[in-house]
Amino acid sequence: MENLDYIKENVRQLLQELPPGVELVAAAKQQTPEKILAAVEAGVKIIGENYVQEAVAAFQIIGHRVSWSYIGHLQKNKVKKAVEVFDQIETVDSVELAEEINKRCQVIGKIMPVLIEVNSGREQQKFGVFPEKVEELARAIIQFPNLKLSGLMTMGPFEGNPEEARPYFRETKRIFDYLRGLNLPGAEIKILSMGMTNSYRVAIEEGASRVRIGTKIFGPRL
Ligand SMILES: *Cc1c(COP(=O)(O)O)cnc(C)c1O
């Protein structure tokens, strides 16, 4: 058996470091169920997965003792399976996707908490809605009875100096506060998911309530 103590140690360090009120999502893409389980045993409460099939495999071993958050780009043809496994979906970026999630949740009688993914850097190649489109999508989402609008998620730039991500996190926090102020009926805007291994400290300074961390828990992906 591979020694997975390093994962547990990484999780413990992170949980100590994060301020109260900031949730840790273990971003588990490409990790084996055993590694994810080690993170759970060390105190991880939320698993973030980008791939539905991977999540299904891990879920079979770990089950409902943690909450499962979808953080990848969700294709419509994967929604049916996704709503069975996941407890929340962080990456809603179109009315069509919201509609499909709502439809599939209706079939199985589930209310799905969802976040809107914001393309805060306005990068053409990235998913998410541009900042000025967030309110429109939020107002559409609250019309769907089986969705619960719960907040925003953003990626920010992947690499390089985390300071470069700061303005994008700040902009997303501004939209988050604006949305909360709208008091949209049926919404409960409380999750601001931003920051990864290289940027989570900056994201927390800018108001993240949730960070999604992979490399710093599991080591570099192969
Ligand atoms: C992989 C991933 C992360 C974590 O990235 P690390 O740099 O390994 O911490 C966070 N969010 C999303 C959406 C991801 O796909």
Side-chain angles (χ1 to χ4, degrees), residues 21-25 27 29 46 48-50 69-76 78-79 82 86-102 112-144 147-214:
V22 176
E23 301 175 306
L24 173 64
V25 172
K29 60 176 172 283
I46 310 171
E49 281 279 5
N50 301 60
S69 193
Y70 189 78
I71 61 173
H73 178 65
L74 188 53
Q75 286 162 331
K76 261 179 90 174
K78 299 278 167 61
V79 170
F86 290 98
D87 300 298
Q88 36 186 281
I89 296 175
E90 298 199 17
T91 49
V92 174
D93 65 357
S94 72
V95 178
E96 293 69 33
L97 180 58
E99 188 173 14
E100 184 69 16
I101 297 169
N102 179 66
M112 183 69 77
V114 297
L115 309 186
I116 293 176
E117 180 174 359
V118 185
N119 184 348
S120 53
R122 298 166 188 276
E123 297 166 282
Q124 276 317 332
Q125 73 279 16
K126 284 225 177 123
F127 299 113
V129 291
F130 280 11
E132 63 274 18
K133 294 284 185 194
V134 173
E135 181 177 349
E136 191 182 317
L137 181 54
R139 289 189 183 280
I141 287 174
I142 60 169
Q143 306 301 320
F144 292 116
L147 303 185
K148 181 150 200 83
L149 181 61
S150 306
L152 301 179
M153 177 272 209
T154 198
M155 295 284 285
F158 279 119
E159 309 280 342
N161 182 351
E163 278 303 324
E164 285 168 23
R166 190 183 292 279
Y168 305 106
F169 293 154
R170 189 167 292 180
E171 165 80 346
T172 309
K173 173 67 160 72
R174 190 191 60 73
I175 302 164
F176 179 79
D177 289 339
Y178 172 75
L179 265 194
R180 282 173 70 107
L182 292 177
N183 288 317
L184 297 171
E188 194 185 344
I189 314 280
K190 57 180 184 190
I191 301 172
L192 181 55
S193 174
M194 53 188 197
M196 316 197 301
T197 292
N198 80 334
S199 60
Y200 72 94
R201 291 190 176 107
V202 173
I204 290 168
E205 285 168 9
E206 295 302 330
S209 75
R210 164 179 292 189
V211 294
R212 307 177 311 271
I213 298 185

Taking side chain to side chain contact (heavy atoms under 4.5 Å, CB included) as the test, write out the residues that go with Ser209, two or more places apart. Ile191, Leu192
For Glu132, enumerate each residue passing the side chain to side chain donor-acceptor pair (under 3.5 Å) test, keeping only those at least two apart in sequence or located in another chain. Arg122
State which residues pass side chain to side chain donor-acceptor pair (under 3.5 Å) with Glu23; sequence neighbours excluded, sorted by chain then number. Arg210
So Tyr168 and Thr154, side-chain contact (heavy atoms from CB on, under 4.5 Å) or not? Walk me through it. CA-CA 8 Å; Tyr168 305 106; Thr154 198; 5.8 Å; no
Where do Leu74 and Ile101 land on the side-chain contact (heavy atoms from CB on, under 4.5 Å) test, with the steps shown first? CA-CA 10 Å; Leu74 188 53; Ile101 297 169; 4.2 Å; yes
Does Ser199 use its side chain to pair, donor to acceptor, with the backbone of Val202 at less than 3.5 Å? no
Side chains of Ile46 and Leu24, heavy atoms from C-beta outward: is any pair under 4.5 Å? no
Go through the structure and list residues passing side chain to side chain donor-acceptor pair (under 3.5 Å) with Glu163, not counting sequence neighbours. Arg166
Closest non-hydrogen atoms of Leu147 and Ala98, given as atom of the first, atom of the second and distance, are CD1-O, 3.5 Å
Check side chain to side chain contact (heavy atoms under 4.5 Å, CB included) between Thr91 and all other residues, then give those that pass, not counting sequence neighbours. Tyr70, Ile89, Glu117, Met153
Donor on one side chain, acceptor on other, Ser69 and Glu90, under 3.5 Å: yes
State whether the number of non-hydrogen atoms from other residues, nucleotides or ligands found under 6.0 Å of Gln125 atom CD is greater than 12. yes
Quick note, side-chain hydrogen bond (donor to acceptor under 3.5 Å, both in side chains) partners involving residues 176-189, not counting sequence neighbours, are Glu135-Tyr178, Lys173-Asp177
